[in-house]
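Report on the structure given below.
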Amino acid sequence: MVEYSSPNTNKPLHLGHLRNIFLGYAVAEILKAIGHKVTKVQIINDRGIHICKSMVAWQKFGNGETPESSGIKGDKLVGKYYVEFDKLYKTQQAELMAKGKTEEEAKQEAPVMLEAQEMLRKWEMKDQEVYGLWQKMNGWVYKGFESTYSAMGVDFDKLYYESDSYLLGKDEVLKGLEKGIFFQREDGSIWVDLTEEGLDQKALLRKDGTSMYITQDIGTAIMRFRDFPDTVYQIYTVGNEQEYHFNVLFKILKKLGWQQADACYHLSYGMVELPEGKMKSREGTVVDADDLIAVMAGVAKEVAEEQGKLDGLVESEKELLYHTIGMAALKYFLLRVDPVKNMLFNPKESIDFNGHTGPFIQYGYVRTRAILRKTEKSVRKFDLSKVVLNQAEKSIIVKLHDFPEVLAEAAKRYNPGLVANYCFELVKDFNSFYQNVPILREENIDLRNFRIALCDKVGSLVQAGMRLLGIEMPERM
RNA sequence: GGUCCCGUAGCUCAGGGGAUAGAGCAACUGCCUUCUAAGCAGUCGGUCGCUGGUUCGAUUCCAGCCGGGAUCACCA
């Protein structure tokens with residue numbers, strides 16, 4: 001089982017999610033390719049204080065605004081009210097501090113925050129009005145996410161919602177308390193003591209009885225253990241800032257008696273940073289996923305129009321192609337880097353379409369396809385004994401032979417970057433061969449047909465390799 | 001402060017106990033009447049953070065240090 005994406009429903013997807021989603025998807029595909037049966041799952045963090053914040057703000061300032069009435073994509077609309085909440089919250093904090101409160105007090109006592117907390121309590125009691133609003137606004141978000149996922153070309157086999165699993169989590173925490181695995185403080189909050197495991201004490205349930213992030217994660221994990229009892233590996237694709245959290249989670253599951261905890265693995269990846277540092281939603285430096293996808297297709301269009309190679313195609317085919325090429329650039333950019341490393345995205349320089357990039361690889365593939373289109377399959381026979389290999393061909397053949405090893409290593413290390421870099425090297429060798437060695441122009445029939453076969457082989461391997469990364473190969477570009 | 005991760009060309013990144021450490025971008029030279037130039041051929045550019053250790057051999061493994069990041073909430 002591979003989990004990826006795990007979005008909150010209070011704001012749209014951004015560049016960080018993109019790395020997560022492409023990474024999780026690629027790891028799942030790579031594991032499939034070496035023979036595992038893989039279930040791709042998504043956990044949707046649809047409940048909690050964060051969505052209550054958007055809800056409070058919408059009630060205050062929304063005037064009934066909907067995606068339909070405003071023409072704003074659902075997830076973006078809800079995100080807009082999340083920002084509204086934050087603005088008001090900041091203002092109220094400042095007012096309280098002006099009246100002599102400490103920053104800590106101001107944060108806790110700001111009226112909107114109290115409203116959001118009250119709303120969370122009402123939600124947990126299934127208050128009709130709150131619940132209805134929650135369903136409505138989440139519905140907007142899901143629709144928005146769906147369109148983004150579809151543009152990204154990723155899919156899931158099963159969706160989990162925290163609103164379905166947090167009660168189970170709460171239950172399990174209470175059961176654990178009865179069994180003496182956890183303990184309760186005087187104020188009523190419930191804790192686990194992990195000091196023997198080298199960690200700390202960690203709260204599992206608030207004093208008001210509402211559940212926390214970790215509570216719902218316990219529930220979700222157990223739900224999955226039950227749904228998929230044969231799962232050998234449960235991989236959580238989540239950023240490295242949550243390493244401690246997963247450490248704690250797995251130890252708690254073990255304490256609760258789930259041996260499957262040993263099969264759980266946190267596939268941790270580094271942050272995508274901007275030249276000025278981390279993306280901050282508060283400072284508006286977050287790179288929006290939809291925007292970036294659109295920009296990439298736009299660049300693909302510019303390049304294509306400049307070169308005029310697609311002039312024979314109808315508009316809809318062109319648009320599809322721009323998207324295919326743009327996504328290749330974007331996905332390749334994010335996947336070629338070792339997941340454990342932080343990486344840099346510079347919006348000013350944008351993402352390249354030349355050199356070590358997705359489009360470069362697509363271009364190599366397109367060249368193989370152009371060659372193959374010009375020959376009949378039936379007349380491609382050759383006598384290998386009459387073929388003497390040149391250096392370029394040898395180099396390609398050696399690389400072709402390496403693929404299974406690269407794939408195995410990528411699976412073992414959960415690192416799609418190995419496949420990405422492999423495909424680049426193969427295409428680089430192929431391009432050199434293509435440009436320096438005659439193929440269709442070769443007069444010796446055995447040699448010509450051998451070279452055509454080599455094109456075929458390179459093309460299909462590159463296509464297969466890139467497919468594992470979720471990157472599609474066009475027929476022409 | 002504890003724990004974890006990262007440090008390789010001006011920039012972005014590969015690599016990995018063994019020979020002259022690679023690629024892309026940037027800069028500069030050539031190459032489209034010839035299978036699509038989103039390309040090819042080439043020039044320039046590195047005491048692989050520092051110091052020790054293990055080893056016949058370390059950029060790679062180990063330790064310490066320095067620099068950068070993450071995390072240690074009744075946040076998610």
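Residue numbering restarts at 1 for every chain, and letters A, B, ... go by the order of the sequence lines. None of these values were measured; they are calculated from a predicted model.
Map Gln216(A) and Met477(A) each onto its nearest nucleotide of RNA chain B; the residue landing nearer the 5' end is Met477(A). Residue Ala304(A) is the one, among Ser432(A) and Ala304(A), whose nearest nucleotide of RNA chain B lies closer to the 5' end (criterion: closest heavy atom).
Of all heavy-atom pairs between Tyr269(A) and Val238(A), the closest is CE2-C, 3.3 Å.
Counting non-hydrogen atoms under 4.0 angstrom, Asp208(A) reaches nothing in the nucleic acid. Across all strands shown, Met343(A) has heavy atoms under 4.0 Å from sugar-phosphate atoms exclusively, and none from any base. Using a 4.0 Å heavy-atom distance criterion, Val303(A) is classed as a base contact. Gln307(A) comes within contact range of at least one nucleobase, with a heavy-atom separation under 4.0 Å. Residue Lys207(A) is in base contact, counting any heavy-atom pair closer than 4.0 Å across all strands shown. Residue Arg441(A) is in base contact, counting any heavy-atom pair closer than 4.0 Å across all strands shown. Residue contacts shown for Val248(A) are absent, as no nucleic acid heavy atom lies under 4.0 Å away. Residue contacts for Arg336(A): at a heavy-atom cut-off of 4.0 Å it reaches a base atom on one of the strands shown. Counting non-hydrogen atoms under 4.0 angstrom, Ile325(A) reaches a base of the nucleic acid. Among the heavy atoms of the strands lying under 4.0 Å from Val340(A) are primed sugar atoms or P, OP1, OP2 only; no base atom is included. When heavy atoms are screened at a 4.0 angstrom cut-off, Ile439(A) is found touching base atoms of the nucleic acid. The residue Asp338(A) sits close only to the backbone: its heavy atoms come under 4.0 Å of sugar-phosphate atoms, none of a base.
Relative to the side chain of Phe360(A), the nucleotides rG39(B), rA14(B), rC35(B) differ in distance, and rG39(B) lies closest. With rC4(B), rA76(B), rC25(B) as the candidates, the nucleotide lying closest to the side chain of Glu243(A) is rC4(B). Considering only the side chain of His356(A), rG24(B) comes nearest among rC40(B), rU12(B), rG24(B).
The separation between Phe353(A) atom CZ and rG39(B) atom P is 12 Å, rounded to whole Å.
For an aromatic pair to be called close, the ring centres must be under 6.0 Å apart, and Tyr161(A) with Trp134(A) fails this. Residues Tyr414(A) and Tyr265(A) place their aromatic rings such that the two centres sit under 6.0 Å apart.
Considering only side-chain N and O atoms, Lys428(A) lies under 4.0 angstrom from the phosphate OP1 or OP2 of rG24(B). Close to rG68(B), at under 4.0 Å from its OP1 or OP2, lies no side-chain N or O of Asn342(A). Side-chain nitrogen and oxygen atoms of Lys341(A) include at least one within less than 4.0 Å of the OP1 or OP2 phosphate oxygen of rA14(B).
Anti is the glycosidic conformation of rC4(B), whose angle departs from 0 by more than 90°.
At a threshold of 4.0 Å, the pair Lys87(A)-Glu84(A) counts as salt-bridged, since one of the basic side-chain nitrogens sits closer than that to a carboxylate oxygen.
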